[in-house]
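These numbers come from a predicted model, not from an experiment. Positions are given from 1, in the same order as the sequence printed here.
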Amino acid sequence: MNHHLRKASIFLWHPPKQKSHSVTWGGSPTLEPGLNPKDILLFEDFEDDHYRKRWRVHWNEPVGAGTVERPSKYVFAGNRSAYLENKAEKHEADGAGEYVPEIPIDDVAYFRLYLRMQDGFSTGTSDQVKLMAIRGAVDIENSYGGAGEAPGESDMDGFSADLCIDGARNLHFYYYHFDQAGGWGDITYCKTSFFRGATISPGKWYCLELMLRTNVPRQKNGQLSAWLDGKLIGHVAKIRFRNSEKVKIQRLAVYSYFGGSDYEDASPKDQRIYVDNVVISRSPIGCLVSNP
């Protein structure tokens, strides 16, 4: 796997002068060091006041309820980061957003971001907070909705995969596929070792990466993987995401969505999640090097 160095650290990075190659990706025109421009679909560092104009979206908005600037500890790299803002007693965060590739992705997508929860961030009574997602369907409109509805055997039914935390902030996959156990999606927990779960906490930046590889239609060979600070923490194989080659990856999203078994399982207070250096790629991404 040709990831560039997977190491999470905080540093002051000033974007280098833009090279002469043409920009073929969405987002910031100046790539993070180590990224291969041939494979990048989106790179966003939130440095530009008008970054939202360079995101392809459909029904939702680009990521970010607003931005913060240095010397804030909530900036990972460069001079700015974006934030999603949860309001007390609300499920969805202001600033949750999506990116829609110009051409739907048929095979594999890698999705990476840096994330930091505000100091004192609480999951309250919620048993699941969705952080990032990859959605697939026959077209963009059909990639929305469907919570609690298991896919049928139709060739047109789609799929979804989310990277989430539970009430103890343990990372896990939450994914809808044809062979799931019930109406709601399946859950598979991530681990840093055989005996230890992969957990994130407030007050620290994390490098999170999610990969989804679609299956050959009707075959059980789709895959999910996740990395935390460059270390593989989860891998699920033999997944049947789709029954038709017409079903492709249509959009990728950043959330801070509070869910649970009861409607009251919402954000317990006003609080934020900060994100920086968002990347969507056709190949493995990895984490920033410490001295670009």
Side-chain angles (χ1 to χ4, degrees), residues 1 3 5-9 76 84 96 108-117 121-124 126-136 147 159-177 179-182 184-215 220-241 249 252-261 265 273-281 283-288:
M1 185 171 289
H3 285 58
L5 182 62
R6 289 183 172 276
K7 180 180 180 182
S9 56
F76 175 74
L84 287 69
V108 61
Y110 291 82
F111 186 14
R112 189 215 74 188
L113 53 76
Y114 280 85
L115 179 144
R116 179 170 177 160
M117 294 178 285
F121 187 92
S122 173
T123 57
S126 174
D127 58 14
Q128 183 166 266
V129 180
K130 297 178 180 179
L131 302 176
M132 54 198 300
I134 300 176
R135 300 279 191 261
F159 59 85
S160 67
D162 296 64
L163 188 61
C164 315
I165 54 173
D166 66 9
R169 301 187 303 277
N170 295 301
L171 288 161
H172 59 273
F173 299 113
Y174 178 61
Y175 53 110
Y176 282 78
H177 59 105
D179 302 297
Q180 65 192 49
W184 297 96
D186 284 343
I187 292 176
T188 299
Y189 272 86
C190 300
K191 296 183 177 182
T192 57
S193 66
F194 186 80
F195 296 105
R196 179 173 296 182
T199 304
I200 61 176
S201 301
K204 179 183 177 181
W205 282 101
Y206 294 94
C207 174
L208 297 176
E209 184 167 345
L210 174 65
M211 182 278 288
L212 187 150
R213 184 178 298 277
T214 60
N215 59 294
K220 295 182 181 180
N221 57 6
Q223 299 178 43
L224 281 175
S225 294
W227 294 262
L228 174 62
D229 293 338
K231 181 178 180 179
L232 181 67
I233 56 170
H235 180 72
V236 185
K238 299 181 180 179
I239 307 172
R240 186 164 58 110
F241 285 120
I249 296 169
L252 302 93
V254 180
Y255 296 119
S256 179
Y257 184 86
F258 281 68
S261 56
D265 293 331
I273 282 181
Y274 296 83
V275 295
D276 209 349
N277 284 43
V278 178
V279 183
I280 298 170
S281 175
S283 63
I285 303 164
C287 303
L288 265 168

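- With hydrogens and angles disregarded, a donor-acceptor distance shorter than 3.5 Å links the side chain of Asn215 to the backbone of Phe241.
- Looking at Ser160, its side chain never comes within 3.5 Å of a backbone N or O of Arg135 through a donor-acceptor pair.
- For the atom pair Ser225 OG and Glu209 CD, the distance stands at 9.5 Å (nearest 0.5 Å).
- Only one option out of His177, Lys220, Gln180, Gln223 pairs with Ile239 in a side chain to side chain contact (heavy atoms under 4.5 Å, CB included); it is His177.
- We find the CH2-CG distance between Trp205 and Leu115 to be 7.0 Å, quoted to the nearest 0.5 Å.
- Between the side chain of Arg112 and the main chain of Gly286, a donor-acceptor pair closer than 3.5 Å is present.
- Applying the side-chain contact (heavy atoms from CB on, under 4.5 Å) criterion to Val108, with sequence neighbours excluded, gives Tyr110, Met211, Arg213.
- Considering every non-hydrogen atom in both Ile233 and Ala198, the closest pair reads CD1-CB, 3.9 Å.
- Proximity of a side-chain donor or acceptor of Tyr175 to a complementary backbone N or O of Phe159 within less than 3.5 Å is not detected.
- Within the structure, no pair that satisfies the salt bridge (Lys or Arg N to Asp or Glu O under 4.0 Å) test touches residues 186-207, not counting sequence neighbours.
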Does the pair Val275 and Leu84 meet the rule for a side-chain contact (heavy atoms from CB on, under 4.5 Å), with working shown?
CA-CA 8 Å; Val275 295; Leu84 287 69; 4.2 Å; yes

Given the rule in the side-chain contact (heavy atoms from CB on, under 4.5 Å) test, do Phe111 and Leu163 qualify, once you have shown the distances and angles that lead to the verdict?
CA-CA 11 Å; Phe111 186 14; Leu163 188 61; over 6 Å; no

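- Summarising the geometry, atom SG belonging to Cys207 is positioned 11.5 Å from atom CG belonging to Asp276; distances are rounded to the nearest 0.5 Å.
- Closest non-hydrogen pair, Ile285 versus Ser281, comes out as CG1-CB, 3.7 Å.
- Residues meeting the side-chain contact (heavy atoms from CB on, under 4.5 Å) test with Asn170, sequence neighbours left out: Asp166, Ala168, Tyr189, Thr199.
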